[in-house]
Structure formats: structure tokens, C-alpha cells
Amino acid sequence: MIVLLDRGFATNAFLQAVAATGAAFLFGSPPSANPPVLRRLPDGPFLSRIGPVDVRIIECEITIATTAGTHTGVYCLATTLLDTRAHPASELVRLYHERWRGLLAHAAASRSVGAGVGAGGAA
């Protein structure tokens, strides 16, 4: 199992608890977090550590398109999926991008449902 996290939930204690269950995690961390580079990997990412948990950091650029336009940002994805052959960086970036698409679709649906409610609570 892989747990996709919002960076707001990615505290050391929570990540340790997830790792202790045997589940893997993947979350976006701002580049300003500046995780230590323990060893560069052949495909570009690097090994690092968050508390006692070994992680692979994947630096990537993700573009998100919405009705308001597009936004491109640089993200650092952190994961406990350390095997680069079994879990290529490109696949993890794609998975994280899909998470964003799901969040944006949910937000759009919530706005459209909320917009149909009148002052009396009925649509």
C-alpha cells in the first residue's frame, strides 16, 4: 500500500507511524525544505532521511491546468519507495500529479454544488 500525503500531514512523527505499518508513502515537500543529500541515484533523485526514515527525494516540475489557467511549480517528492527499478521516478511523479487532478476535480465539484444553494438552504 502507498499513502499519498498532503505536505501538511508530513510531520516526522506521522511519517514514522506510516512507515512502521509497512505502508509506503509519497508526499510533496517544498524545495525550501532542503533535505540532506546522502547519495545521488543514477536516475537523478537522491537518498535522504526524515527523522529515522530513509526516503528517496525526486525533484520535478509539475504543471497543473485548471479553468483559471496553468501553474507550473518545482516540487520535491519524498517517498519510502527506494527501489528505482520497481518504482521509477517518472511513475511516482505521474501518481502524484494524478492526486492533484483528483483534488482539483473535488474542489470544482464542491464549488459547483455550493453555488446552487440559495439563502434558504434549497437549490
Side-chain angles (χ1 to χ4, degrees):
M1 173 185 0
I2 183 167
V3 179
L4 300 175
L5 299 168
D6 184 272
R7 67 178 166 214
F9 291 100
T11 65
N12 285 359
F14 186 74
L15 296 176
Q16 289 174 34
V18 171
T21 69
F25 61 74
L26 174 67
F27 73 93
S29 172
S32 60
N34 206 16
V37 177
L38 301 180
R39 182 170 55 96
R40 280 272 170 204
L41 299 170
D43 62 342
F46 61 91
L47 294 180
S48 190
R49 190 171 264 283
I50 297 174
V53 181
D54 291 332
V55 295
R56 177 168 51 141
I57 304 294
I58 302 165
E59 298 166 312
C60 61
E61 188 173 89
I62 297 177
T63 300
I64 299 170
T66 68
T67 56
T70 61
H71 171 75
T72 299
V74 176
Y75 292 85
C76 290
L77 304 181
T79 183
T80 49
L81 297 169
L82 305 179
D83 185 338
T84 60
R85 287 194 180 115
H87 308 286
S90 60
E91 286 299 310
L92 295 174
V93 170
R94 184 195 57 74
L95 178 63
Y96 194 75
H97 187 255
E98 287 298 316
R99 174 192 169 276
W100 269 106
R101 286 177 34 149
L103 287 174
L104 291 172
H106 175 70
S110 295
R111 279 192 304 276
S112 67
V113 168
V117 177

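These figures come from a predicted structure and were not determined experimentally.
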Minimal heavy-atom distance between D54 and T80, with the atoms involved, is O-CG2, 3.8 Å
According to the salt bridge (charged side-chain N to carboxylate O under 4.0 Å, His left out) rule, which pairs have a member within residues 57-76, sequence neighbours left out? R40-E59
Taking side chain to side chain donor-acceptor pair (under 3.5 Å) as the definition, give me every residue that meets it alongside T72, ordered by chain and number, with sequence neighbours left out. T63
Nearest non-hydrogen partners of L77 and L92, listed with the distance: CD1-O, 4.1 Å
Hydrophobic clustering (ILVMFWY, side-chain heavy atoms < 4.5 Å, transitive) - are M1 and L82 grouped together? no
Report the distance from atom CG of L5 to atom CZ of F14, rounding to the nearest 0.5 Å. 5.5 Å
Sequence neighbours left out, what passes side chain to side chain contact (heavy atoms under 4.5 Å, CB included) with P52? Give chain and number order. Q16, R49
Residues pairing under salt bridge (charged side-chain N to carboxylate O under 4.0 Å, His left out) where one sits in residues 73-82, two or more places apart or in two chains, turn out to be none
Between P36 and S48, which heavy-atom pair has the shortest distance, and what is it? O-OG, 2.6 Å
Using side-chain heavy atoms (C-beta onward) and a distance below 4.5 Å, is L15 in contact with V55? no
Side chain to side chain contact (heavy atoms under 4.5 Å, CB included) partners of D43, counting only residues at least two apart: L41, P45, R56, T84, A89
Output for pair (I58 CD1, L81 CG), nearest 0.5 Å, gives 8.5 Å
All side chain to side chain donor-acceptor pair (under 3.5 Å) counterparts of E91, not counting sequence neighbours: R94
Atom pairs and distances, side-chain donor-acceptor, residues 19-26, under 3.5 Å, sequence neighbours left out:
from, atom 1, to, atom 2, distance (Å)
T21, OG1, V18, O, 2.6
T21, OG1, A23, N, 3.2

Joint hydrophobic cluster, I50 plus L38, side-chain heavy atoms closer than 4.5 Å: no
Treating Ile, Leu, Val, Met, Phe, Trp and Tyr as nodes and any side-chain heavy-atom pair under 4.5 angstrom as an edge, say whether V93 and Y75 lie in one connected cluster. yes
When clusters are formed by joining ILVMFWY residues with side-chain heavy atoms under 4.5 Å apart, either directly or through shared neighbours, do F46 and F27 land in the same one? yes
Under the salt bridge (charged side-chain N to carboxylate O under 4.0 Å, His left out) test, which residues partner R85, sequence neighbours left out? none
